[in-house]
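Residue numbers start at 1 and run along the sequence shown. Bear in mind that the values here come from a model prediction, so they are computed numbers and not experimental data.
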Amino acid sequence: MQPTEPVRVHLPGVPIFLFMFQHKNYHDMDHAMITGAEALMRALKAEGVETIFGYPGGAIMPVYDALYRYTRPTDAQFRHVLVRHEQAAVHAAQGYARVSGRVGVSLVTSGPGATNTLTGVADAMMDSTPVVIIAGQVSISQLGTDAFQEVDLVGVAQPISKWSYQIRSAKDVAWAVSRAFFIARTGRPGPVVLDFPTNAQKELCEWEPVSVDKVAGYTPYPEIDMDQLKAAAALINQAQRPLALVGQGVELGNAQDELLAFLEKADIPAGRTMLGLSALPSQHRLNVGMLGMHGNYAVNLKTQETDLIIAIGMRFSGRVTGPVETYAPKAKIIHLDIDFAEIDKNVKTDVAVVADCKASLPALTNLVDKASHSEWISSFEPLNKIEQERVIEPAIHPKEGPLLMGEVVNEVAEATQGDAVLVTDVGQNQIFGCRYFNFPKRRSLVTSGGLGTMGFGLPAGVGALFGVPDRKVVVFMGDGGFQMSIQELGTIMEQRLPLKMILLNNNYLGNVRQWQDMFWEGRRSFTHMLNPRYEDICRAYGISYGLVLSRDKLHERVAEMLNATGPYLLECAVDEEDNVLPMTKPGCRVDEMRLSI
């Protein structure tokens with residue numbers, strides 16, 4: 001059961017090349033001949049898949065016909081969620097994966113169905129989200145003929161996925177699916193794309209289960225270099241002003257407990273990237289805030305004073321560092337990451353520990369001294385007080401004027417008491433949401449960090465609800481991003497999902513408008529929006545709706561939304577001039593944060 005073609009691979013830290021895989025077979029007593037489509041169903045079941053987000057079409061019809069038998073109410077083995085756009089299928093799979101820790105699955109047709117998924121594939125690659133996208137394709141005999149809805153999906157997806165592969169024969173299905181899930185979920189997670197031509201879906205093969213547990217040239221969990229680990233411990237033990245930077249890698253590695261043990265023993269304050277916000281409880285004494293362009297004032301300024309940075313599962317994004325030549329000039333750099341490709345990519349390190357943080361953090365904790373950095377930690381407080389008085393209090397407890405985005409987020413955060421999962425779209429709603437929501441529980445944030453995909457929020461919220469059906473899921477959206485995926489209200493209606501949607505409507509593409517005001521002399525070029533009557537749209541979809549025009553109704557409407565048994569859209573008419581602060585202007589040092597426009 002070798003694959004019939006060489007495999008194109010893009011794995012972190014491994015050059016792109018062609019090679020053949022070896023694999024291990026596990027024989028089953030059932031040797032009946034089945035179609036490739038049926039083999040796909042069995043392979044997905046073997047991977048523990050329960051939920052599939054998809055949209056049918058001509059080139060994937062044999063698979064959907066097989067899926068029909070697996071979703072009958074009397075014996076449902078999969079739940080298929082019919083989205084209203086293929087991009088939403090991937091974003092929903094991302095939301096599912098991010099909150100559950102499992103691999104999300106999308107199923108689409110060829111041509112435009114497949115290309116519509118590519119934004120989601122790129123988003124998942126940037127944010128290290130484990131998803132498997134299975135797309136139909138024209139028959140092998142038609143490839144290269146410009147057949148109806150033909151596109152070279154493997155070639156297009158290869159640079160933006162962890163692995164892309166074309167299943168050219170039914171006998172390769174079990175191997176390809178097992179390989180896809182292994183690659184997607186191990187090491188640094190990421191998206192895998194399987195291109196499935198119709199001939200392979202229809203032809204017969206003998207079912208033979210396959211379990212893949214290794215890939216040639218791919219080391220998902222590198223062994224810890226003890227010399228590097230000891231060097232890191234020595235720097236930590238010598239440091240007077242250490243600062244940890246916590247990224248999403250901690251959540252992806254399920255190392256939240258190991259992180260706490262390390263920070264508490266060494267008494268190290270920790271800043272969090274946007275994607276790492278729920279890796280460390282918001283109210284923990286060592287949490288000193290969010291890093292980056294719109295992060296917290298103290299942690300950004302103190303980055304320039306620290307003598308040691310311990311970066312854990314983060315990639316030194318430009319939104320975190322600003323110009324790298326001006327970043328943390330007094331600090332030695334320790335970088336803990338599972339991906340060799342991240343080491344020295346943006347910021348040069350003094351010590352690199354390349355390993356799964358689930359293993360490297362406790363190993364490092366054993367080597368560091370129990371310490372106290374109380375004076376260093378207390379030095380954050382005056383700066384925190386400045387931000388609290390000049391930015392936070394005016395944003396969440398305004399005394400007069402129009403409704404503000406920060407106070408809406410704060411009201412929802414207080415009403416949900418830290419139990420809800422926060423999903424955001426992209427823009428001002430995203431930054432306000434991340435700044436003013438609370439994250440006492442792990443895996444509580446779903447947002448598009450690296451790619452910044454508008455339209456992400458609504459379908460990601462759908463997926464998150466399937467991933468953690470026992471938790472409340474709230475989605476914050478701006479009017480721009482909401483309208484990029486507004487058709488997914490149909491999915492919410494059909495699935496009867498109790499999604500709580502908060503629309504922060506300022507009649508602008510707010511983030512772009514803010515930049516135009518700050519950096520383009522106030523020329524608001526095509527950022528004002530004439531919006532529809534969202535109440536009428538909700539009525540058409542059978543979704544409950546509420547409107548907040550002034551803060552005296554905010555508490556009542558939020559409670560009504562959260563107590564509603566089904567889906568609910570709460571539209572909040574917020575100040576058109578509201579801005580996200582603090583802010584570091586692009587090209588400026590991280591300590592050149594502006595507290596006002």
Side-chain angles (χ1 to χ4, degrees), residues 12-13 125-128 188 228 231-232 234-236 238-249 268-277 288-354 373 376 379-380 383 386-387 431 434-435 449-452 511 514-515 518-520 580-597:
M125 189 68 175
M126 290 284 281
D127 287 351
S128 305
R188 180 178 182 174
Q228 290 291 93
L235 287 178
I236 293 169
Q238 296 165 9
Q240 300 299 309
R241 301 182 306 280
L243 177 63
L245 310 183
V246 176
Q248 187 191 199
I268 297 175
R272 302 161 297 161
T273 68
M274 180 186 291
L275 292 181
L277 284 174
V288 290
M290 185 171 79
L291 302 160
M293 177 180 284
H294 288 294
N296 291 107
Y297 190 55
V299 68
N300 280 286
L301 267 63
K302 288 296 179 178
T303 296
Q304 301 299 80
E305 297 179 23
T306 179
D307 61 0
L308 178 66
I309 282 177
I310 308 105
I312 308 168
M314 55 88 71
R315 59 189 177 86
F316 287 110
S317 161
R319 287 285 177 104
V320 167
T321 66
V324 293
E325 62 272 14
T326 68
Y327 180 69
K330 301 175 183 178
K332 297 283 188 182
I333 308 290
I334 298 171
H335 196 173
L336 279 67
D337 205 281
I338 200 169
D339 186 0
F340 281 102
E342 289 301 331
I343 305 303
D344 295 334
K345 185 178 79 175
N346 295 329
V347 173
K348 298 299 180 182
T349 59
D350 294 280
V351 177
V353 179
V354 182
H373 297 103
W376 164 239
S379 72
F380 285 72
L383 297 173
I386 290 172
E387 182 181 4
I431 308 302
C434 290
R435 279 183 57 85
L451 200 63
N511 211 40
Q514 178 174 336
W515 281 48
M518 295 179 70
F519 311 129
W520 296 92
V580 182
L581 294 167
M583 181 177 184
T584 303
K585 181 180 178 180
C588 291
R589 300 190 314 269
V590 295
D591 59 339
E592 295 179 311
M593 294 199 84
R594 295 168 61 167
L595 296 173
S596 60
I597 296 298

Open item on the list: Looking at Arg594 and Thr584, would you say the former's side chain and the latter's main chain have a donor-acceptor pair under 3.5 Å?
Closed with: no
- [ ] Test side-chain contact (heavy atoms from CB on, under 4.5 Å) on Ile597 and Leu581 and set out the steps.
- [x] CA-CA 8 Å; Ile597 296 298; Leu581 294 167; 4.1 Å; yes
- [ ] Look only at the side chain of His335 and the backbone of Met314, and say whether a donor-acceptor pair between them is shorter than 3.5 Å.
- [x] yes
TODO: May I ask you to test the Met583-Met518 pair for a side-chain heavy-atom distance under 4.5 Å?
DONE: yes
- [ ] Without swapping roles, check the side chain of Asn346 against the backbone of Ser317 for a donor-acceptor pair under 3.5 Å.
- [x] no
Task: Pairwise distance NE2(His294) to CZ(Arg435) - rounded to 0.5 angstrom - done: 9.0 Å
Task: CG-CG distance between Asn300 and Leu383, expressed to the nearest 0.5 angstrom - done: 10.5 Å
Task: Test item: Thr349 side-chain N/O and Asp344 main-chain N/O as donor-acceptor pair under 3.5 Å - done: no
Task: Heavy-atom pair with the smallest gap, counting every atom of Gly292 and Met593 - done: O-CE, 3.9 Å
Open item on the list: Are the side chains of Ile310 and Pro242 in contact, using a 4.5 Å heavy-atom criterion?
Closed with: yes
TODO: Measure across Leu245 and Tyr327 and return the closest heavy-atom pair with its distance rounded to 0.1 Å.
DONE: CD1-OH, 3.2 Å
Task: Spatial distance of atom CD1 (Ile268) from atom CZ (Arg241) [nearest 0.5 Å] - done: 13.5 Å
Task: Donor-acceptor under 3.5 Å (Thr321 side chain, Val324 main chain) - done: no
Open item on the list: So which atom in Val299 and which in Val288 form the shortest heavy-atom distance, rounded to 0.1 Å?
Closed with: CB-O, 3.6 Å
Task: Asp350 side chain vs Ile334 backbone, donor-acceptor pair below 3.5 Å - done: no
Task: Closest approach of Pro323 to Cys588 (non-hydrogen atoms, all atoms of both residues) - done: CD-O, 3.1 Å
- [ ] Would you confirm whether Gln514, through its side chain, and Val580, through its main-chain N or O, come within 3.5 Å as a donor-acceptor pair?
- [x] yes
Open item on the list: Can you tell me if Lys345 has over 12 outside heavy atoms packed within less than 6.0 Å of its NZ?
Closed with: yes
TODO: Give a yes or no on whether the backbone of Val353 and the side-chain of Gln228 come within a donor-acceptor separation of less than 3.5 Å.
DONE: no
Task: Arg272 CZ to Ile312 CD1 distance, which is reported to the nearest 0.5 Å - done: 13.5 Å
- [ ] Indicate the atoms forming the closest heavy-atom contact of Gly295 with Glu387, along with that distance.
- [x] O-OE2, 4.2 Å
Open item on the list: Could you check whether any side-chain N or O of Asn296 sits under 3.5 Å from a backbone N or O of Ala298, counting only pairs where one atom can act as donor and the other as acceptor?
Closed with: no
Task: From Leu291 atom CG to Leu243 atom CG, the distance as rounded to the nearest 0.5 Å - done: 7.0 Å
Task: Side-chain heavy atoms of Thr303 within contact of Asp591, under 4.5 Å - done: no
Task: Main-chain N/O of Ser128 paired with Arg188 side-chain donor or acceptor, under 3.5 Å - done: no
Open item on the list: Please find the pair of heavy atoms, one from Gln304 and one from Ala328, that lie closest to each other, and give the distance.
Closed with: OE1-N, 2.8 Å
Open item on the list: Nearest 0.5 angstrom please: Trp376 CH2 to Asp307 CG, how far?
Closed with: 7.5 Å
